[in-house]
K.L.:
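Have a look at this one before I ask anything.
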Amino acid sequence: MLGERGRGGDTAVAAGGRWSDEMSGHGCRQMEAEFVRRHHRHQPTENQCSSTLVKHIKAPVHLVWSLVRRFDQPQKYKPFVSRCVVQGDLEIGSVREVNVKSGLPATTSTERLELLDDNEHILGIKIVGGDHRLRNYSSVTTVHPEVIDGRPGTLVIESFVVDVPDGNTKDETCYFVEALIKCNLKSLANVSERLAERHASN
């Protein structure tokens with residue numbers, strides 16, 4: 001599946017590593033590709049699909065990361081999450097039970113925190129159960145400082161690998177997951193940029 005550009009500065013990159021980012025300059029694409037090479041190297045099997053999405057956010061990295069790192073409160077920016085309960089302390093191996101809003105082909109998702117690096121700004125999550133069809137789903141989200149229009153901004157990269165369900169193609173599976181991630185990243189941008197405006201006015 002080839003990468004495709006979404007609305008609002010999203011970029012999807014297929015497992016083959018081909019980029020479709022006509023909005024970014026060559027240097028910017030090189031930087032994104034280096035981050036993907038370092039942090040987003042999934043190894044999909046024959047029956048899996050994998051993709052990487054990019055979002056440029058007009059808010060400083062510390063604000064964006066403060067939302068992304070909250071494994072215990074994904075509903076702060078993820079519009080499809082209605083409730084989240086974490087079992088035990090927030091640490092590597094912690095498990096959260098997520099309730100999904102109606103309208104999606106799922107009601108619950110059980111997810112484990114695989115990686116949380118506050119220095120490098122890396123979050124890794126694996127889905128380990130729930131009422132949905134995303135089997136063996138793993139994702140990595142990284143957050144990087146950049147300059148947008150002369151002001152502090154943030155580059156967010158999120159990648160995933162997941163099994164292709166019976167009866168679906170790799171393209172269909174990637175398209176569905178990418179659509180969910182694009183919604184999440186768009187919401188993350190909206191929430192982060194509102195927080196940045198609020199901080200700037202204080």
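This structure is a prediction, so every number in the text was calculated from the model and none was measured.
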K.L.:
Got a salt bridge between Arg96 and Glu111, using NZ or NE/NH1/NH2 to carboxylate O under 4.0 Å?
P.N.:
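Looking at Glu111 together with Arg96, the answer is yes, because their closest N to O distance falls below 4.0 Å.
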
K.L.:
Test salt bridge (charged side-chain N to carboxylate O under 4.0 Å, His left out) on Arg194 and Glu197 and set out the steps.
P.N.:
CA-CA 5 Å; Arg194 281 200 303 270; Glu197 289 171 5; over 6 Å; no

K.L.:
A quick test of your reading: do over 12 heavy atoms of other residues, nucleotides or ligands sit less than 6.0 Å from CZ of Arg41?
P.N.:
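Counting other residues, nucleotides and ligands, CZ of Arg41 stays at 12 neighbours or fewer.
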
K.L.:
Tell me if the centroids of the rings in Phe35 and His144 come within less than 6.0 Å of each other.
P.N.:
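Centroid separation for Phe35 and His144: below 6.0 Å.
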
K.L.:
Would you mind reporting whether Arg83 and Gln75 have side-chain heavy atoms less than 4.5 Å apart?
P.N.:
no

K.L.:
Starting at NZ of Lys186, measure out to NZ of Lys182 and round the result to the nearest 0.5 Å.
P.N.:
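Interatomic distance, Lys186 NZ to Lys182 NZ, rounded to 0.5 Å: 11.5 Å.
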
K.L.:
I would like to know whether Thr173 and Val162 meet side-chain contact (heavy atoms from CB on, under 4.5 Å); could you show each step before the answer?
P.N.:
CA-CA 8 Å; Thr173 305; Val162 66; 3.8 Å; yes

K.L.:
To the nearest 0.5 angstrom, please state how far the OG1 atom of Thr142 sits from the CG atom of Leu155.
P.N.:
7.0 Å

K.L.:
How far apart are the C-alpha atoms of Thr107 and Asp131, what are their side-chain angles, what is the distance that settles it, and do they pass the side-chain hydrogen bond (donor to acceptor under 3.5 Å, both in side chains) test?
P.N.:
CA-CA 6 Å; Thr107 56; Asp131 175 29; 2.7 Å; yes

K.L.:
Contact between Gln48 and Asn136 at the side-chain level, heavy atoms closer than 4.5 Å - yes or no?
P.N.:
yes

K.L.:
So, for Phe71 and Cys84, which heavy atoms are closest and what is the spacing to 0.1 Å?
P.N.:
O-SG, 4.0 Å

K.L.:
Hey, could you give me the CZ/OG distance between Arg112 and Ser94, rounded to the nearest 0.5 Å?
P.N.:
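Result: 11.0 Å between the selected atoms.
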
K.L.:
Evaluate Glu114 against Ile92 for side-chain contact (heavy atoms from CB on, under 4.5 Å), listing each step before the verdict.
P.N.:
CA-CA 6 Å; Glu114 300 283 287; Ile92 304 302; 5.9 Å; no

K.L.:
For His56 and Glu32, run side-chain contact (heavy atoms from CB on, under 4.5 Å): C-alpha distance rounded to whole Å, both residues' side-chain angles, the deciding distance at 0.1 Å, then the answer.
P.N.:
CA-CA 11 Å; His56 300 275; Glu32 292 169 2; 2.9 Å; yes

K.L.:
Any side-chain donor-acceptor pair under 3.5 Å between Asn47 and Asp163?
P.N.:
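The answer is no; no qualifying pair exists.
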
K.L.:
Rounded to the nearest 0.5 Å, what separates atom NZ in Lys126 from atom OH in Tyr137?
P.N.:
11.5 Å

K.L.:
Examine distances only and state if a side-chain atom of Gln87 and a backbone atom of Val95 form a donor-acceptor pair shorter than 3.5 Å.
P.N.:
no

K.L.:
Quick one: which of Ile157, Ile181, Asn184, Val177 gives a side-chain contact (heavy atoms from CB on, under 4.5 Å) with Leu53?
P.N.:
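Single side-chain contact (heavy atoms from CB on, under 4.5 Å) partner of Leu53 among Ile157, Ile181, Asn184, Val177: Ile181.
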
K.L.:
Check the hydrophobic clustering (I, L, V, M, F, W, Y; side-chain heavy atoms under 4.5 Å; chains of links allowed) and say if Val86 and Tyr77 are grouped together.
P.N.:
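Yes; tracing contacts between hydrophobic side chains, which count when under 4.5 Å, links both residues.
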
K.L.:
Would you say the side-chain atoms of Asp149 pair up with the backbone N or O of Arg151, donor to acceptor, closer than 3.5 Å?
P.N.:
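No: the side chain of Asp149 does not pair with the backbone of Arg151.
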
K.L.:
Would you give the length of the straight line joining atom CG of Leu67 to atom NE2 of His62, rounded to the nearest 0.5 angstrom?
P.N.:
10.5 Å

K.L.:
Show the nearest heavy-atom pair for residues Ala59 and Ser192, with the distance to one decimal.
P.N.:
CB-O, 3.6 Å

K.L.:
When you measure from the side chain of Ser50 to the backbone of Phe160, do you find a donor-acceptor pair of N or O atoms at a distance under 3.5 Å?
P.N.:
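Indeed, once roles are kept as given, a pair shorter than 3.5 Å links the two residues.
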
K.L.:
So, are Arg70 and Asp72 salt-bridged, with charged N and O less than 4.0 Å apart?
P.N.:
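So Arg70 pairs with Asp72 through a salt bridge.
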
K.L.:
Heavy atoms only: give me the nearest Lys101-Ser82 pair and the separation to one decimal.
P.N.:
CG-CB, 3.7 Å

K.L.:
Closest approach of Leu134 and Ile127, non-hydrogen atoms and distance?
P.N.:
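For Leu134 versus Ile127, the nearest heavy atoms are O-CG2, 4.0 Å.
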
K.L.:
Val161, Leu180: one ILVMFWY side-chain cluster at the under-4.5 Å cut-off?
P.N.:
no

K.L.:
I'd like to know if Lys170 and Glu172 make a salt bridge, using a cut-off of under 4.0 Å between side-chain N and carboxylate O.
P.N.:
no

K.L.:
Report yes or no: do His40 and Ser159 form a side-chain donor-acceptor pair below 3.5 Å?
P.N.:
yes

K.L.:
Can you tell me how far the CG atom of Leu195 sits from the OG atom of Ser66, to the nearest 0.5 Å?
P.N.:
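Going from CG on Leu195 over to OG on Ser66, the span is 6.5 Å.
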
K.L.:
Mark yes when over 12 heavy atoms from residues, nucleotides or ligands other than Asp118 sit less than 6.0 Å from its CG; otherwise mark no.
P.N.:
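Count over threshold, so yes.
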
K.L.:
Do Val140 and Leu123 have side-chain heavy atoms sitting under 4.5 Å apart?
P.N.:
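In short, these two side chains do not touch, never coming nearer than 4.5 Å.
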
K.L.:
Compare all side-chain heavy atoms of Leu185 with those of Val156 and state whether any distance is below 4.5 angstrom.
P.N.:
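Yes - at least one pair of side-chain heavy atoms lies under 4.5 Å apart.
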
K.L.:
Assess the residue pair Leu188 and Lys55 against the criterion (side-chain contact (heavy atoms from CB on, under 4.5 Å)); give the C-alpha distance rounded to whole Å, side-chain angles, the decisive distance to 0.1 Å, and a yes or no.
P.N.:
CA-CA 9 Å; Leu188 175 63; Lys55 184 72 173 178; over 6 Å; no

K.L.:
Closest heavy-atom contact between Arg133 and Pro165?
P.N.:
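Heavy-atom minimum between the residues: NH2-CB, 3.2 Å.
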
K.L.:
Looking at every heavy atom in both Arg135 and His132, which two are closest together, and how far apart are they?
P.N.:
NH2-O, 2.8 Å

K.L.:
Is the shortest heavy-atom distance from the side chain of Val100 to the side chain of Val81 under 4.5 Å?
P.N.:
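Val100 vs Val81: side chains apart.
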
K.L.:
Which label fits Trp65 and His121: parallel for a plane angle under 30°, tilted from 30 to 60°, or perpendicular past 60°?
P.N.:
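Ring orientation, 0 to 90° scale: tilted.
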
K.L.:
Do the side chains of Leu90 and Ile125 join up, straight or via other hydrophobic residues, at under 4.5 Å, putting them in one cluster?
P.N.:
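Result: yes, single cluster for both.
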
